Amino acid sequence: MAPRIYCSEHSPEEPMLGTADVVDVWLLLEYRPTWKGRAIEEGDLSEPLKKWLADQISSLAAIGLKARPQL
């Protein structure tokens with residue numbers, strides 16, 4: 001088996017930039033049905049759940065933390 005070569009080791013002079021947001025808190029939800037790209041905004045989550053998520057994100061933002069929900 002050939003040894004693994006990682007990009008970060010092969011080209012250490014290249015910056016390791018990505019497109020993922022930097023967040024402080026992940027709000028993880030188990031959601032079994034399929035969903036589209038904007039699942040929370042356009043999906044069939046209940047209105048109370050959407051409000052709860054918005055409240056959690058706002059509460060965390062108020063103390064300086066960035067939160068991101070993830071299904």
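Note that the structure is a prediction, hence the values are computed from the model and not measured.
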Original post:
If you round to the nearest 0.5 Å, how far is CZ of R68 from CG of D24?
Top reply: 13.5 Å

**OP:** Identify, with sequence neighbours excluded, every residue that meets salt bridge (Lys or Arg N to Asp or Glu O under 4.0 Å) alongside R4.
**Re:** none

Under 3.5 Å, which donor-acceptor pairs link side chains of residues 33-52 to any protein atom two or more places apart or in another chain?
from: D44; atom 1: OD1; to: Y31; atom 2: OH; distance (Å): 2.1
from: S46; atom 1: OG; to: L49; atom 2: N; distance (Å): 3.3
from: K51; atom 1: NZ; to: D55; atom 2: OD2; distance (Å): 2.8

Original post:
With sequence neighbours left out, what residues match A61 under side-chain contact (heavy atoms from CB on, under 4.5 Å)?
Top reply: none

**OP:** Applying side-chain contact (heavy atoms from CB on, under 4.5 Å), name anything that partners L29, two or more places apart in sequence or on another chain.
**Re:** L53, L71

**OP:** Check which hydrophobic residues are tied to V23 through side-chain heavy-atom contacts below 4.5 Å, counting indirect links as well, and list them.
**Re:** W26, L28

**OP:** Using a cut-off of 6.0 Å, state whether more than 12 heavy atoms not belonging to I63 lie near its atom CD1.
**Re:** yes

